[in-house]
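Heads up: numbering here begins at 1 and tracks the sequence. For clarity, every value in this text was computed on a predicted model and none was experimentally measured.
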Amino acid sequence: MCGIFGCILKDGIAAPVIHSSLKRLEYRGYDSVGIATIENGKIFIKKDQGKIDEVHKILNLDDMPGSLGIGHTRWATHGAPLKINSHPHVDCKGEIVAVHNGIIENFSELKLELQNLGHVFISKTDTEVIPHLIEEIMKNNPKLAFANAVQEAIKRLEGSFALAVISSREPDKIVCARNESPLVLGISDNGIFCASDIPAFLAMTNKAVMINNGELIVLTQSGYQIKKISDGSIVDRSPETIEWTAEMAVKKGYPHFMIKEIHEQPETLRNTLRLQDHYLDLLSTFLDRATEVFLVACGTSYHACLAASYMFSKLAFLPTYPVYASEFIEQHGKSVNIDSTILAVSQSGETADTIAAVTCAQQRAATILSLTNVIGSTLTRISRVYIGTQAGPEIGVAATKTFTSQLSVLAQLALRLAKKRGKVSQDEIDTLELQLDKLPAIVDTIVSTQEEKVKEIAKKYANSKVFFFLGRGISTATAFEGRLKLMEIAYIPSIAFPAGESKHGPISLVENGFPVVFVCQKDDTHKTVIGNIMEMKARGARIISVVEEGDEDIKALSDDYVEVPKGIPGVLSPIPFAVPLQLLAYYVSLERKYNPDMPRNLAKSVTVK
Ligand code: F6R
């Protein structure tokens with residue numbers, strides 16, 4: 001998730017407008033910033049790594065000539081957050097300049113093709129292929145208009161993008177386009193804007209034109225023209241009036257970041273499915289060679305590790321040991337060695353316990369691999385290989401979209417390893433990959449069909465003194481995550497156990513009306529889960545279950561239930577099954593009149609640069 005912005009003003013200098021608009025998009029990424037403007041056919045660029053204010057202090061982003069320009073604030077996905085990887089990116093001659101939000105999946109192939117044609121690349125980003133591709137098309141068709149060259153280039157891109165491109169050859173226009181990543185136009189009396197999100201221009205205008213997937217827009221001082229990328233046909237769309245305040249706009253109209261981020265999960269999951277193959281290959285090669293593998297993390301990320309230990313075992317027949325980072329040094333500090341492999345998982349890449357555990361293992365010559373949402377974080381710097389989880393910045397303190405992203409990446413890793421090790425039939429792998437591809441749509445269905453039901457359940461149980469969360473097999477991890485979410489934002493003491501373990505002590509707490517949440521994925525554990533539900537019911541517990549559609553046995557035993565679509569394989573189940581539990585925590589928190597975005601005593605780890 002990055003932020004892009006462009007503007008053409010009738011009166012005034014573009015750079016300060018771009019600078020202040022990028023500030024309002026900084027919630028979308030803050031690894032680097034860059035601005036390009038044009039005056040008298042000459043291009044000016046300023047860019048560097050770091051937060052906007054830091055870069056502005058050194059470069060003075062307001063001091064650039066021209067009434068037309070584009071800008072970018074970056075959340076690194078390809079290439080470290082360094083100056084050379086900062087947008088805008090240019091072609092060989094510096095005549096075509098692009099900013100981009102999204103992931104170009106086929107950039108490696110395109111880059112190679114263009115390099116073979118003599119193009120010189122400066123950065124490690126996927127974006128840089130865009131100006132070079134346009135340059136190549138214009139070189140081969142000198143009479144082609146700039147917008148048409150952009151259109152031709154876009155046809156070759158696979159993946160997601162919102163982009164804005166300018167050229168010194170036609171210095172009066174910005175060409176922008178959208179596929180999956182967000183893009184919207186703002187129309188004011190003094191100019192026209194394109195941006196990743198409405199807050200970027202809301203201070204200047206509340207007239208917006210929404211851009212759909214597959215559309216290309218030519219902006220000039222006199223207005224905008226929208227075309228379909230596929231056939232160039234003109235689309236007629238008028239501006240609409242946005243009634244949101246700036247604060248509402250940043251949250252896209254949602255009352256809290258947490259619920260916005262829960263709703264973003266179909267999109268973030270789609271992004272995780274765009275991981276570059278070679279990263280997965282590299283990481284799975286290291287895991288394949290490992291003698292012992294520790295999965296190290298804190299909090300929600302630890303729950304992702306716990307789920308991953310089931311995935312690695314079931315799919316790749318690889319034993320792994322999930323360990324709380326805060327316990328790692330005491331538990332394994334002396335025994336880790338050159339044969340040990342650590343796969344550390346951290347949203348922020350900065351959590352002190354995780355960094356301490358990894359540093360200890362590194363000093364003992366262990367191999368450090370990691371998964372993080374923040375490229376350029378401390379964890380990425382001390383890892384031999386890392387993968388970005390592609391969830392974009394998470395502003396709500398309670399982790400939601402980053403949890404499901406971590407799970408999706410870990411599932412892909414486990415599948416890649418399964419392939420390498422040949423332990424699972426190709427048929428089974430194909431089926432699981434297909435199911436993984438369906439998860440964004442499945443999560444979409446869960447959020448859109450079950451949210452009201454979860455609200456009702458939250459109302460009913462919001463005054464409970466304590467909650468139990470139980471699951472068997474991989475759902476133990478989901479149950480643990482459900483408990484953590486409820487405790488941290490609704491402040492209800494909660495207990496989670498593997499369901500089979502509950503009868504070895506915890507069950508003694510159960511009395512009439514005691515709410516027990518069961519996570520009931522449909523796999524080999526299903527029959528035994530029914531037994532556990534009966535045990536709880538016999539002691540007066542009220543059963544709230546997360547079940548598959550059509551799971552009538554469990555529904556019949558439940559006082560309340562939330563449904564997820566049918567046919568989700570057990571190893572992938574934590575991704576969709578976690579979503580109703582996130583919603584439950586959110587709505588119980590609201591019922592109890594708390595602010596779910598601001599859990600007491602907690603703060604999000606931030607990247608320290
Ligand atoms: C829970 C939560 C925390 C984090 C934990 C680890 O909602 O946000 O439990 O999961 O502090 O943080 P990262 O993943 O940044 O290492």
For a quick check under 3.5 Å, do [X] and [Y] share a side-chain donor-acceptor pair by atom type?
| X | Y | value |
| --- | --- | --- |
| Asp62 | His19 | yes |
| Gln390 | Thr272 | no |
| Thr378 | Glu350 | yes |
| Ser405 | Thr402 | no |
| Glu292 | Thr341 | no |
| Ser123 | Glu128 | yes |
| Thr125 | Asn85 | no |
| Glu481 | Gln582 | no |

Would you confirm whether [X], through its side chain, and [Y], through its main-chain N or O, come within 3.5 Å as a donor-acceptor pair?
| X | Y | answer |
| --- | --- | --- |
| Arg364 | Lys334 | yes |
| Ser21 | Phe201 | no |
| Asn179 | Gly159 | yes |
| Asn101 | Ala162 | no |
| Lys46 | Asp63 | yes |

Notebook entry, point to check: Could Lys485 and Tyr586 be counted as a cation-pi pair, given that NZ or CZ must be under 6.0 Å from the ring centre and within 45° of the axis?
Noted result: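 Because its charged atom misses either the 6.0 Å distance or the 45° angle limit, Lys485 does not stack over Tyr586.
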Notebook entry, point to check: Out of Arg421, Lys420, Lys423, which one pairs with Asp288 under the salt bridge (Lys or Arg N to Asp or Glu O under 4.0 Å) rule?
Noted result: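 Among Arg421, Lys420, Lys423, the one that satisfies the salt bridge (Lys or Arg N to Asp or Glu O under 4.0 Å) with Asp288 is Arg421.
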Which atom names give the shortest non-hydrogen contact between [X] and [Y], and what distance separates them?
| X | Y | result |
| --- | --- | --- |
| Cys92 | Glu135 | N-OE1, 3.1 Å |
| His87 | Val99 | ND1-CA, 3.9 Å |
| Val150 | Ile134 | CG2-CD1, 3.9 Å |

Item checked: Flag if over 12 foreign heavy atoms under 6.0 Å of NZ, Lys251 ->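 More than 12 heavy atoms, drawn from other residues, nucleotides or ligands, come within 6.0 Å of this atom.
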Check: Aromatic rings Phe480 and His303: how do their planes relate, parallel, tilted or perpendicular, breaks at 30° and 60°?
Finding: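 Rings of Phe480 and His303: perpendicular, over 60°.
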Item checked: Proximity of Phe294 and Phe328 rings by center, below 6.0 Å ->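 Yes.
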Check: Under 4.0 Å between a Lys/Arg side-chain N and an Asp/Glu carboxylate O for Glu109 and Arg156?
Finding: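 Salt bridge: no.
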Margin query: Looking at Arg416 and Asp277, is there a salt bridge between them, counting it only when a charged N and a carboxylate O are closer than 4.0 Å?
Written below: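 So Asp277 pairs with Arg416 through a salt bridge.
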Next item on the list: May I have the step-by-step check of side chain to side chain donor-acceptor pair (under 3.5 Å) for Thr73 and Glu26, ending in yes or no?
Entry: CA-CA 6 Å; Thr73 177; Glu26 207 171 13; 5.2 Å; no
